[in-house]
2 protein chains.
Amino acid sequence: MLLSTKGDYGVRALIDLAKHAGEGPVQRSDIARRRQLPESYLDHLLAQLRRDGFIRSTRGPGGGHELTRAPAEITLLAVLECLEGSLAPIGCVAEANRGGESMCGQSWVWQGIYDDMRKRLEGITIAELVEHERAHERAAVANYSI
Amino acid sequence: MLLSTKGDYGVRALIDLAKHAGEGPVQRSDIARRRQLPESYLDHLLAQLRRDGFIRSTRGPGGGHELTRAPAEITLLAVLECLEGSLAPIGCVAEANRGGESMCGQSWVWQGIYDDMRKRLEGITIAELVEHERAHERAAVANYSI
DNA sequence: TACAATGTCGACCAGATTAGTCGTGAATCC
DNA sequence: GGATTCACGACTAATCTGGTCGACATTGTA
């Protein structure tokens with residue numbers, strides 16, 4: 001598996017923050033409840049996202065977490081690399097892209113796959129994921145009303 | 001990391017078998033020495049490849065391992081799925097492709113990436129990897145002779 | 001100023017996976 | 001019968017995953 005729950009949960013948390021942008025800080029407990037994530041685990045992910053500048057946090061009553069940028073300016077690639085580290089599919093590619101020169105015999109295959117994937121992930125923003133989720137919600141409501 | 005050393009080593013072993021196809025069974029110790037792999041670990045990988053019908057093995061003096069098919073008929077995708085199990089980048093895609101219906105919010109992204117990758121890997125055979133390696137060897141020799 | 005709400009940080013933990021090693025046994029050839 | 005080779009399962013150490021927990025820092029409010 002290329003992705004662990006770190007990346008998965010972290011993206012969901014950012015989607016939640018994006019959906020509530022402009023409403024003041026969003027509390028960890030609210031994110032955890034709405035997205036059904038373990039709150040104390042979410043804690044670590046938010047810490048990482050803050051360290052990398054995706055969110056800002058404030059303490060005290062009424063405190064919480066907010067995006068530092070517009071959702072349309074946060075790419076899925078950036079978020080996942082923040083939370084998961086390198087997304088390289090195989091060790092030799094990870095080393096090569098860290099500036100190393102080691103290239104195993106099949107790395108040309110994996111480098112191509114890696115480049116494709118990064119390109120795709122770079123083209124998707126949190127804003128698009130929010131929009132996708134909203135469309136899904138509308139579809140669900142439409143189904144229900146039939 | 002999507003791939004462990006299992007897939008990596010296993011592919012190298014098959015390349016070795018392909019290069020020595022038609023010369024009778026190739027011994028585990030020879031593969032391990034030429035490819036610089038731990039022999040006792042390679043044992044497990046060859047067992048898996050045999051169970052899935054990629055190679056046949058014979059015991060006793062002069063025994064060893066051989067491909068059951070032409071290298072051009074063995075795709076990288078098939079080998080890797082044999083050794084690594086599913087190559088799905090994230091859990092929800094793995095479940096969806098096992099017949100489940102669970103689709104997380106971002107799975108449309110990952111399904112596309114997964115499909116791209118499988119298509120690429122399906123288009124590459126062990127024969128091509130052997131040819132690539134030979135080309136690399138020729139280049140190295142050419143460099144040396146300058 | 002006290003207290004409650006909230007985030008911050010690091011220690012800790014159980015289970016799974018990875019990357020092996022090793023030993024016993026089975027088949028085969030001479 | 002002995003040497004050679006594969007077959008298979010037990011075992012292990014290190015690392016990663018997916019958390020939990022507790023002490024502490026910060027801040028708003030009464």
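In what follows, chains carry the letters A, B, and so on, assigned in the order in which the sequence lines appear, proteins first and then strands, with residues in each chain numbered from 1. As the structure is a computational prediction, the values presented were derived from the model and not from experiment.
Across the protein-nucleic acid pair, Gln27(B) atom CD and dT4(D) atom P stand 11 Å apart, rounded to whole Å. Between the OH atom of Tyr41(B) and the C1' atom of dC22(C) there is a distance of 16 Å, rounded to whole Å. For the pair Asp43(A) CG and dT20(D) P, the computed distance is 11 Å after rounding to whole Å. Regarding Leu49(A), its CG atom lies at a distance of 14 Å from the P atom of dG7(C), rounded to whole Å. One can place CG of Leu2(B) at 15 Å from C1' of dT17(C), the figure rounded to the nearest angstrom. Atoms CG (Leu46(A)) and C1' (dG19(D)) sit 15 Å apart, rounded to a whole Å. Rounded to an integer number of Å, the gap from Arg28(B) CZ to dC6(D) P is 5 Å. Here the C1' atom of nucleotide dA7(D) and the NE2 atom of His44(B) are 11 Å apart, to the nearest Å.
Side-chain N/O atoms of Arg56(A) include none lying less than 4.0 angstrom from OP1 or OP2 on dT8(C). Residue Tyr9(A) places none of its side-chain N or O atoms closer than 4.0 Å to OP1 or OP2 of dG18(D). Look at Lys6(A) and you won't find any side-chain N or O under 4.0 angstrom from OP1 or OP2 of dG18(D). Contact annotation: Ser40(A) side-chain N/O to dG19(D) OP1/OP2 distance is not under 4.0 Å.
Taking the nucleotide of DNA chain D with the nearest heavy atom to each of His65(B) and Thr58(A), the more 5' of the two is matched to His65(B).
With contacts defined as side-chain heavy-atom distances shorter than 4.5 Å, the pair Tyr41(B)/Thr5(B) qualifies.
Comment: Arg138(B) engages Glu131(B) in a salt bridge, judged by a side-chain N to carboxylate O separation of less than 4.0 angstrom.
Residue Ser4(B) places its side chain closer to dT18(C) than to any other of dC8(D), dT8(C), dT18(C). Taking only side-chain atoms of Arg59(A), from C-beta outward, the nucleotide of dA7(D), dA25(D), dT21(C) with the closest atom is dA25(D). Of the candidates dC9(C), dT8(C), dG28(D), the closest approach to any side-chain atom of Arg51(A) belongs to dC9(C). Proximity note for Ser57(A) (side chain, C-beta onward) versus dA4(C), dT21(C), dT8(C): the nearest is dT8(C). Checking dG20(C), dA3(D), dT20(D) against the side-chain heavy atoms of Pro38(A) singles out dT20(D) as nearest. Comparing dC29(C), dT21(C), dT27(D) by their closest approach to the side chain of Pro61(B) singles out dC29(C).
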Pair Phe54(A)-Leu67(A), side-chain contact (heavy atoms from CB on, under 4.5 Å): steps then yes or no: CA-CA 6 Å; Phe54(A) 289 94; Leu67(A) 296 180; 5.8 Å; no
